[in-house]
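Remarks on the structure that follows.
Letters A, B, ... are given to chains in the order of the sequence lines, protein chains preceding strands, and every chain is numbered from 1. Only heavy atoms go into these numbers, but all of them, side chains included; no hydrogens, no water, no symmetry mates.
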4 protein chains.
Amino acid sequence: MNNVVLIGRLTRDPEVRYTSETQMAVARFSVAIDRPVRSGGEKQTDFPNVVVFGKQAENCERFLRKGRLVGVQGRIQTGKYTNKDGATVYTTEVVANNVEFLDWGDRNERSDRPAPQQASSPQKDDMGIPEGFQAIEDEDIPF
Amino acid sequence: MNNVVLIGRLTRDPEVRYTSETQMAVARFSVAIDRPVRSGGEKQTDFPNVVVFGKQAENCERFLRKGRLVGVQGRIQTGKYTNKDGATVYTTEVVANNVEFLDWGDRNERSDRPAPQQASSPQKDDMGIPEGFQAIEDEDIPF
Amino acid sequence: MNNVVLIGRLTRDPEVRYTSETQMAVARFSVAIDRPVRSGGEKQTDFPNVVVFGKQAENCERFLRKGRLVGVQGRIQTGKYTNKDGATVYTTEVVANNVEFLDWGDRNERSDRPAPQQASSPQKDDMGIPEGFQAIEDEDIPF
Amino acid sequence: MNNVVLIGRLTRDPEVRYTSETQMAVARFSVAIDRPVRSGGEKQTDFPNVVVFGKQAENCERFLRKGRLVGVQGRIQTGKYTNKDGATVYTTEVVANNVEFLDWGDRNERSDRPAPQQASSPQKDDMGIPEGFQAIEDEDIPF
DNA sequence: TTTT
DNA sequence: TTTT
């Protein structure tokens with residue numbers, strides 16, 4: 001059993017890549033969740049990272065933007081990789097089974113993203129790997 | 001909303017420290033959770049870190065050992081700290097509201113831990129901070 | 001372990017009563033949650049009942065209305081009672097630890113409810129018991 | 001979002017039927033979950049009903065018995081039906097996506113069930129519908 | 001690297 | 001007794 005439910009706001013636009021073999025979409029974002037305030041305490045916020053795959057990742061790319069409110073159901077996934085300095089970095093992220101869009105922003109923002117420039121998105125990801133994460137290949141897709 | 005439920009087995013004995021001011025117990029352990037096997041795939045396991053505070057942490061110290069099965073209900077907490085090399089390390093762990101002991105091991109193992117050597121546990125934690133975590137002080141206790 | 005998370009819309013205004021002894025508020029509502037649509041299937045919806053106690057119940061009374069979107073974290077509670085015909089009726093409801101207001105409706109709706117007519121709410125509840133539920137007394141409050 | 005996690009013990013052996021068209025297995029049981037004891041209060045227990053479909057239902061039939069400990073991940077489903085007296089009965093149950101067996105009982109109990117008598121289980125269910133539930137047909141299977 |  |  002490994003079950004997570006989050007409701008929070010995107011800290012930035014989702015970042016989408018594609019697996020090299022099947023070109024499956026992989027979207028990543030992190031979500032801001034304020035902790036319940038302790039009386040007399042200052043605001044504190046958690047920023048868990050979320051990964052989504054496939055059709056849902058494509059919907060995240062199209063409809064989600066920084067600041068939008070989402071509900072996420074998934075599981076905690078841990079991993080590790082070796083960084084440029086040869087140090088082992090441990091990662092913990094939420095792999096989403098389901099992402100729900102809980103608000104739809106202003107009219108402007110709801111419109112689809114500008115069509116990506118030719119040959120941009122469904123191509124081998126050679127932009128480098130984001131800080132703190134490994135490349136994702138087809139064998140990492142959980143379905 | 002930030003809700004986590006895990007069922008898994010301790011990867012090692014819980015590690016317990018005490019806050020310097022109120023001497024509240026803080027227990028840490030990580031838990032192994034096998035992912036549902038994909039047909040034709042090999043076994044994969046996640047190892048989320050768990051933190052527990054107060055009375056529950058004391059019970060974890062007394063009754064939990066490596067290999068025991070637990071249910072954990074809590075929330076994801078993120079943080080960061082600067083390591084010895086001056087690099088920023090980001091952390092993600094599960095802060096437990098509730099830890100349930102789902103098996104009690106063999107008769108032998110169920111017995112309490114040998115009493116800690118004098119002045120050992122309820123003392124200022126100066127053993128250093130475990131790899132990948134910050135010191136915990138009273139203001140970090142969530143209740 | 002008994003953990004529930006729901007996101008859905010109120011099917012009607014919350015119904016609030018008060019325990020006879022300590023006059024603690026008890027709010028009830030049910031929430032509509034659409035099931036993920038099966039391709040070729042028609043829409044289906046679940047309507048779980050939710051109960052909230054104390055301060056949170058008062059906030060529900062003030063700010064929640066039919067149609068508003070909420071996140072609920074809580075547990076499943078079962079019970080039974082004997083109805084007017086002498087038949088045993090079994091109940092299952094969600095006792096909320098936490099209710100989050102995920103939208104705030106139009107400006108008009110966000111305003112507080114009209115002040116209840118004098119001596120209305122914080123009084124012994126003698127309006128009778130709603131269909132399908134038992135009276136709630138102080139010993140039923142979970143904290 | 002509609003997410004439930006339970007850990008509890010079966011109150012009786014699971015009850016298994018099969019849909020008339022595709023003969024898919026449908027297992028039902030209820031699970032006892034003690035509430036956290038309030039100091040000075042007496043023990044209280046919830047008994048949510050659980051339904052499982054397909055392969056998992058077959059595993060429940062084979063391996064689960066009264067008293068066994070399970071973890072359940074699923075969602076709350078509500079429904080209604082008309083009983084023999086013409087009264088509308090409202091139902092709330094947990095539809096499981098995943099049932100984990102958290103203990104395996106004594107050696108004896110772990111063995112498979114005696115093979116059902118010829119033509120017993122994979123047949124049209126005409127034993128009547130259990131108290132408080134509707135018949136389940138193929139269109140009710142959630143996958 | 002953080003959201004309303 | 002059902003919500004957008």
Atom-pair distance (CG on C/N49; C1' on F/dT2), nearest Å: 10 Å
For D/Q44, all residues meeting side chain to side chain contact (heavy atoms under 4.5 Å, CB included), sequence neighbours excluded: D/R35
Side chain of C/K66 - closest among F/dT3, E/dT4, E/dT2: F/dT3
Stepwise side-chain contact (heavy atoms from CB on, under 4.5 Å) test for A/D46 and B/I76: CA-CA 7 Å; A/D46 296 295; B/I76 292 182; 5.6 Å; no
Nearest-angstrom distance from the residue atom CZ of C/R9 to P of F/dT1: 23 Å
Protein-nucleotide distance (A/I7, atom CD1; E/dT4, atom P), rounded to Å: 17 Å
Sugar-phosphate only, base, or nothing, as touched by C/G8 at under 4.0 Å among non-hydrogen atoms: nothing
Length of the line joining A/L69:CG and F/dT4:P, which is rounded to integer Å: 18 Å
Atom of A/A27, atom of A/V16 and distance for their closest heavy-atom approach: CB-CG2, 4.0 Å
Strand-adjacent residues in residues 41-48 of chain C, judged by heavy atoms under 4.0 Å from DNA chain E: none
Separation of atom CG in A/L6 from atom P in E/dT4, rounded to whole Å: 18 Å
C/E42 atom CD, over 12 foreign heavy atoms within 6.0 Å: no
Residue B/Y90, side-chain heavy atoms: nucleotide from F/dT2, E/dT4, E/dT2 that is nearest: E/dT2
Between C1' of E/dT3 and CD1 of B/I76, the distance in whole Å: 16 Å
Any donor-acceptor pair under 3.5 Å from A/T91 side chain to A/G79 backbone: yes
Ring geometry between D/F53 and D/F143 (parallel below 30°, tilted from 30 to 60°, perpendicular above 60°): perpendicular
D/M1 CE - F/dT4 P separation (whole Å): 20 Å
A/L10 CG - E/dT3 P separation (whole Å): 11 Å
Selection from F/dT2, E/dT3, F/dT3 that lies nearest to any side-chain heavy atom of C/A32: F/dT3
Between C/E93 and D/T92: side-chain donor-acceptor atoms closer than 3.5 Å: no
